[in-house]
Amino acid sequence: MSTGLSLPLIDLSSPDRAAVAESIRQACIEYGFFYVINHGIGKGIFQKVFEESKKFFSLPLEGKMKLKRNDAHRGYTPLYAETLDTSTEFKGNFGDLKESIYIGGNSQDDLNQWPSEESLPLWKDTMQSYHQDVLSIAKRLASLIALSLNLDDNFFERIGAWDVPEATVRLLHYPGELSDSDDGKYGASAHSDYGIITLLATDGVPGLQACLLNMEKDIYPQLWENVHHVDGAFIVNVGDLLERWTNCLFRSTLHRVLAIGKDRYSVAFFLDPNPDCLVECLESCCSDSHPPRYRF
């Protein structure tokens, strides 16, 4: 295992969109991961979101369970509720060492579950505002991804991907206090994300790793590299949907979070298209010699 991975830095403030798109293309082909800097969200906003996140996870379990995740995939998931890598065997309690809460966009407010204003008066407004800000950034990135695939920069808008997209904020807490039964478990076991792209904000505590040795996810041995925190940057990774959309040109890379015995907080933003959006192999990603690998 190496000490860390040197991922590309994508500067969203650059006026040269063609060059930025080419850098994104190379990053998505080689790594499936990259950093985004100069995206427009200031340090103060990140600080506020993390502060409100910590306040929520500090609530008694009984209070958090009142917001237990519903059928719309909105709300709280407690420790051990998920196992991202079902092939992993744990001793004692079964499941990943994390708790989280899912939040949809403003158009999905009737599906969201919010803490009471009495307990967390700034929480709802903070998360709604953050969701809106990061959705805007994610759309800008998607426009550059379209350019990187030799498509019009408005490709995703034209096919209706952003007509009420599935876009979700997930606040995550990896507890630092571990019991003997937690030995050998992961904060998040090995997995790839489902959608187009994920934008992750981290608090500087290490633990995130990506697997880069093999293109195929089920081939061993696996080489895990540390993905370091870059102050003020989003860590962006390709999801399974974009990998399929690009006929496996772009990589949806396995990643995981180690349980290191220290509290760790992160905020993930998952960008998925409108559920009614037609997804089929992009013409720029297939040919007679490289036909579509998946049926759509």
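- If you check the side chains of Gln113 and Arg74, you find no donor sitting under 3.5 Å from an acceptor.
- Within the model, atoms CD1 of Ile145 and CH2 of Trp245 stand 10.5 Å from one another, a figure rounded to the nearest 0.5 Å.
- Between the NZ atom in Lys48 and the OG atom in Ser53 there is a gap of 14.0 Å [rounded to 0.5 Å].
- At least one donor-acceptor pair under 3.5 Å links the side chain of Ser143 to the backbone N or O of Asp153.
- Side chains of Asp163 and Asn274: a donor-acceptor N/O pair is absent below 3.5 angstrom, by distance only.
- Transitive grouping of hydrophobic side chains (ILVMFWY, heavy atoms separated by less than 4.5 Å) brings Ile197 and Ile29 into a common cluster.
- Rounded to the nearest 0.5 angstrom, Asp133 CG and Ile41 CD1 are separated by 5.0 Å.
- Taking hydrophobic clusters as Ile, Leu, Val, Met, Phe, Trp and Tyr residues chained together by side-chain heavy-atom distances below 4.5 Å, Phe270 does not share a cluster with Phe33.
- Salt-bridge check for Lys139 with Glu157: failed, with every basic side-chain N at 4.0 Å or more from each acidic carboxylate O.
- A distance of 9.0 Å separates CD1 of Ile10 from CG of Leu144, quoted to the nearest 0.5 Å.
- Of all non-hydrogen atoms in Phe34 and Cys28, the two that sit nearest each other are CE2-SG, 3.8 Å.
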| message | Evaluate Val164 against Asp276 for side chain to side chain contact (heavy atoms under 4.5 Å, CB included), listing each step before the verdict. | response | CA-CA 10 Å; Val164 191; Asp276 295 326; over 6 Å; no
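- Under the 4.5 Å side-chain heavy-atom criterion for grouping Ile, Leu, Val, Met, Phe, Trp and Tyr, Val20 is connected to Phe250 within one hydrophobic cluster.
- Residues Ser252 and Asp193 come closest through the heavy atom pair OG-O, 3.8 Å.
- Below 30°, between 30° and 60°, or above 60°: for Tyr102 and His73 the angle between ring planes is between 30° and 60°, a tilted geometry.
- Residues Val134 and Val169 are not in side-chain contact: their nearest non-hydrogen atoms beyond the backbone lie 4.5 Å or more apart.
- Between Asp11 and Tyr35 the shortest side-chain heavy-atom distance does not fall below 4.5 Å.
- The closest side-chain heavy-atom distance from Thr246 to Leu282 is below 4.5 Å.
- The closest side-chain heavy-atom distance from Val267 to Phe50 is below 4.5 Å.
- Under the 4.5 Å side-chain contact rule for hydrophobic residues, Tyr194 and Leu242 do not share a cluster.
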| Between Leu84 and Lys98, does a side chain to side chain contact (heavy atoms under 4.5 Å, CB included) hold up when you go through it step by step? | CA-CA 11 Å; Leu84 294 172; Lys98 66 179 185 301; 4.1 Å; yes
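- Of the N and O atoms on the side chains of Ser100 and Arg170, at least one donor lies less than 3.5 Å from an acceptor on the other residue.
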| request: Would you check, one step at a time, whether the test side chain to side chain contact (heavy atoms under 4.5 Å, CB included) holds for His191 with Thr83? | output: CA-CA 10 Å; His191 66 285; Thr83 306; over 6 Å; no
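- Contact between Asp96 and Gly187 at its shortest, heavy atoms only, is CB-O, 3.4 Å.
- Counting heavy atoms from C-beta on, the side chains of Val227 and Ile235 come closer than 4.5 Å.
- Note: Phe269 and His131 have perpendicular aromatic rings, judged against thresholds of 30 and 60 degrees for the angle between ring planes.
- Minimum interatomic distance between Gly104 and Asn112 (heavy atoms only, all atoms of both residues): N-OD1, 2.7 Å.
- Note that Lys54 lies in the cation-pi zone of Tyr265, set by a 6.0 Å cut-off to the ring centre and a 45° limit from the axis.
- Phe155 is not connected to Leu278 by any chain of hydrophobic side-chain contacts under 4.5 Å among Ile, Leu, Val, Met, Phe, Trp and Tyr, and they are in different clusters.
- Ring geometry, Tyr130 versus Phe234: the interplanar angle falls from 30° to 60°, so the pair is classed tilted.
- Between the side chains of Ser14 and Asp16, not a single donor N or O lies within less than 3.5 Å of an accepting N or O.
- Ring to ring, Phe46 and His39 are close: their centroids are under 6.0 angstrom apart.
- A donor-acceptor pair is defined here as one N or O able to donate and one able to accept, closer than 3.5 Å; such a pair exists between the side chain of Asn247 and the backbone of Cys285.
- Applying the side chain to side chain donor-acceptor pair (under 3.5 Å) rule to Thr202 yields the partners His229; only residues at least two apart in sequence or on another chain are considered.
- Taken from CD in Glu52 to NZ in Lys124, the straight-line distance is 14.0 Å, to the nearest 0.5 Å.
- Exactly one residue among Leu120, Asp125, Thr126 makes a side-chain contact (heavy atoms from CB on, under 4.5 Å) with Trp123. That residue is Leu120.
- With a 4.5 Å cut-off on side-chain heavy atoms, Glu118 and Ser116 count as touching.
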| request: Please lay out, stage by stage, how Ser284 and Leu151 fare under the test side chain to side chain contact (heavy atoms under 4.5 Å, CB included). | output: CA-CA 8 Å; Ser284 62; Leu151 304 168; 4.2 Å; yes
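- Smallest separation of non-hydrogen atoms from Leu147 and Ala21: CB-CB, 3.8 Å.
- For the atom pair Leu67 CG and Ile103 CD1, the distance stands at 10.0 Å (nearest 0.5 Å).
- With contacts defined as side-chain heavy-atom distances shorter than 4.5 Å, the pair Asn226/Pro206 does not qualify.
- Of all heavy-atom pairs between Asp263 and Asp203, the closest is O-OD2, 4.3 Å.
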| Step by step, would you call His173 with Phe56 a ring-ring contact (aromatic ring centres under 6.0 Å, His included)? | CA-CA 10 Å; His173 171 225; Phe56 172 78; over 10 Å; no
| request: Using the side chain to side chain donor-acceptor pair (under 3.5 Å) rule, take Glu99 and Tyr76 through it: C-alpha gap first, then chi angles, then the decisive distance, then the call. | output: CA-CA 8 Å; Glu99 57 179 339; Tyr76 175 70; 2.5 Å; yes
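- Side-chain contact check for Arg256 versus Leu208: every heavy-atom pair is 4.5 Å or farther apart.
- A salt bridge links Arg69 to Glu82: one of the charged nitrogens lies within less than 4.0 Å of a carboxylate oxygen.
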